Each structure stands twice: as C-alpha cells, then as structure tokens.
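Predicted, not measured: the structure shown is a model, and the values here were computed from it.
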Amino acid sequence: MKEKLIQEFKLFEAALNGQSKSEIHQVRREAIQQFEKSGFPTVKNEDWKYSNVKPILKDEYKQIIINEDKIDDEVYKSFEIPFEKHNRLVFVNGRFIEKLSNIIDETDGLVIGSFAKANTFSPQLIKNHFAKYANVENEAFVALNTAFAQDGLFVHVPDRVVVEHPIYVIHISDNS
C-alpha cells in the first residue's frame with residue numbers, strides 16, 4: 001500500500017500542471033517524503049500500540065472522481081437546514097460543489113468556500129495556515145492527508161468581521 005500511494009502521488013503531481021511549482025505543493029511534496037521515510041504506524045509506535053492498521057492496508061482503495069454534471073440537486077435537499085438564511089457549502093467525496101452551494105455572507109475579507117478556490121485567489125492566506133497545525137513528521141496519516149490535499153472547506157474571518165448567518169456544511173459520500 002505504501003508504494004502504491006507514493007506512485008499515486010507522482011501521478012497526482014504530474015496532473016497539477018503549473019501548480020506543481022506552488023508553495024503549497026512544496027509542502028505536499030515534503031509530506032509525501034516524510035510518509036515515504038516513516039511509512040504506516042505499527043504497534044511498535046507508542047501512539048499506535050493498541051491499533052493495528054495492517055487490516056485496513058490490505059484493501060484496494062482508489063480515488064473516486066465526481067462528475068459534477070451528474071449530481072442531482074435533490075441529493076442535498078433531504079437534509080433539513082434549520083435556518084431560513086444560511087451559507088450552505090456542499091462537498092461530495094471531499095470536493096466542493098459550487099452549483100449546490102449558496103454563500104450569502106460576502107463581506108470584505110471574509111472567505112467562505114473551497115480550499116482549492118481560495119488557493120487560487122489568496123495563496124498567501126492558505127500558505128499561512130496549510131499544514132501548520134498537525135504534525136506530518138510523526139503521523140503517517142496526517143502526512144498522507146497533507147500530501148493529497150486538493151480541496152475542502154476554507155473559512156477565513158478577519159478581525160472585527162461578523163459572520164451574519166450560520167455556515168451549514170454538508171458532506172456527502174458517494175461511491176456510485
């Protein structure tokens with residue numbers, strides 16, 4: 001599994017085109033190098049002495065790419081949203097789906113939306129926080145998550161800015 005993930009990272013990296021030279025991708029590259037060095041935790045690691053990860057590493061995993069055109073907006077409607085006015089962000093398999101989302105709070109400096117989109121218009125803001133709060137050096141799964149991070153929820157609220165309406169996030173897992 002370790003070798004397969006390292007190969008998948010190389011394919012992921014090749015598909016990035018110009019983004020492979022970005023500062024964020026350098027952090028990803030460092031994370032995969034750390035994973036390559038340390039590998040998956042074993043019961044010999046103090047923090048993992050009661051958790052054997054070998055059984056989950058035997059399964060075959062693959063990334064599911066979502067075709068946004070085939071996502072039916074009825075999917076998210078089955079979730080009750082208790083607020084009349086709200087910011088709604090919908091993610092399917094970790095990918096932000098703009099056509100199902102609705103962001104109503106748009107104040108100067110306030111960013112509510114997708115990590116991928118924020119990285120295009122405000123890379124410095126992303127750089128200031130990306131991979132700063134979880135340790136890739138000692139945690140294989142954190143390193144993998146960092147290495148393959150492409151999208152996700154991103155919220156930035158500047159000082160003295162109030163978010164007027166709730167932020168409602170819907171994560172949908174779809175293996176179809």
Open item on the list: Going by side chain to side chain donor-acceptor pair (under 3.5 Å), name the pairs with one or both residues in residues 152-162, residues two or more places apart or in two chains.
Closed with: none
Can you give the donor-acceptor pairs under 3.5 Å from side chains of residues 111-119 to other protein atoms, not counting sequence neighbours?
unit_1, atom_1, unit_2, atom_2, d
S114, OG, A116, N, 3.1
S114, OG, K117, N, 3.3
S114, OG, D151, OD1, 2.5

Task: Co-members of the apolar cluster containing V136 [side chain, <4.5 Å] - done: V142
TODO: Flag the pair E13 and K10 as a salt bridge only when some basic side-chain nitrogen lies within less than 4.0 angstrom of an acidic carboxylate oxygen.
DONE: no
Open item on the list: Taking salt bridge (Lys or Arg N to Asp or Glu O under 4.0 Å) as the definition, give me every residue that meets it alongside E3, ordered by chain and number, with sequence neighbours left out.
Closed with: none
- [ ] State which residues pass side-chain hydrogen bond (donor to acceptor under 3.5 Å, both in side chains) with E164; sequence neighbours excluded, sorted by chain then number.
- [x] none
Open item on the list: Holding to side-chain hydrogen bond (donor to acceptor under 3.5 Å, both in side chains), I want the full list of residues that pass it with Q124, two or more places apart in sequence or in another chain.
Closed with: N128
Open item on the list: For L89, is there any backbone N or O sitting under 3.5 Å from a side-chain donor or acceptor partner on N102?
Closed with: no
Open item on the list: Under the rule for side chain to side chain contact (heavy atoms under 4.5 Å, CB included), what residues qualify as partners of L57, not counting sequence neighbours?
Closed with: M1, F40, V53
TODO: Using salt bridge (Lys or Arg N to Asp or Glu O under 4.0 Å) as the criterion, list what pairs up with E36, not counting sequence neighbours.
DONE: none
- [ ] Could you pull out all residues at least two apart from E30 that satisfy salt bridge (Lys or Arg N to Asp or Glu O under 4.0 Å)?
- [x] none
Task: Validation row, ring centre H25 to ring centre F148 under 6.0 Å - done: no
Task: Partner set under side-chain hydrogen bond (donor to acceptor under 3.5 Å, both in side chains) for Y133, not counting sequence neighbours - done: H129
TODO: Go through the structure and list residues passing side chain to side chain contact (heavy atoms under 4.5 Å, CB included) with K44, not counting sequence neighbours.
DONE: T42
TODO: May I have all residue pairs that pass salt bridge (charged side-chain N to carboxylate O under 4.0 Å, His left out) and include part of residues 126-147, sequence neighbours excluded?
DONE: E23-K127
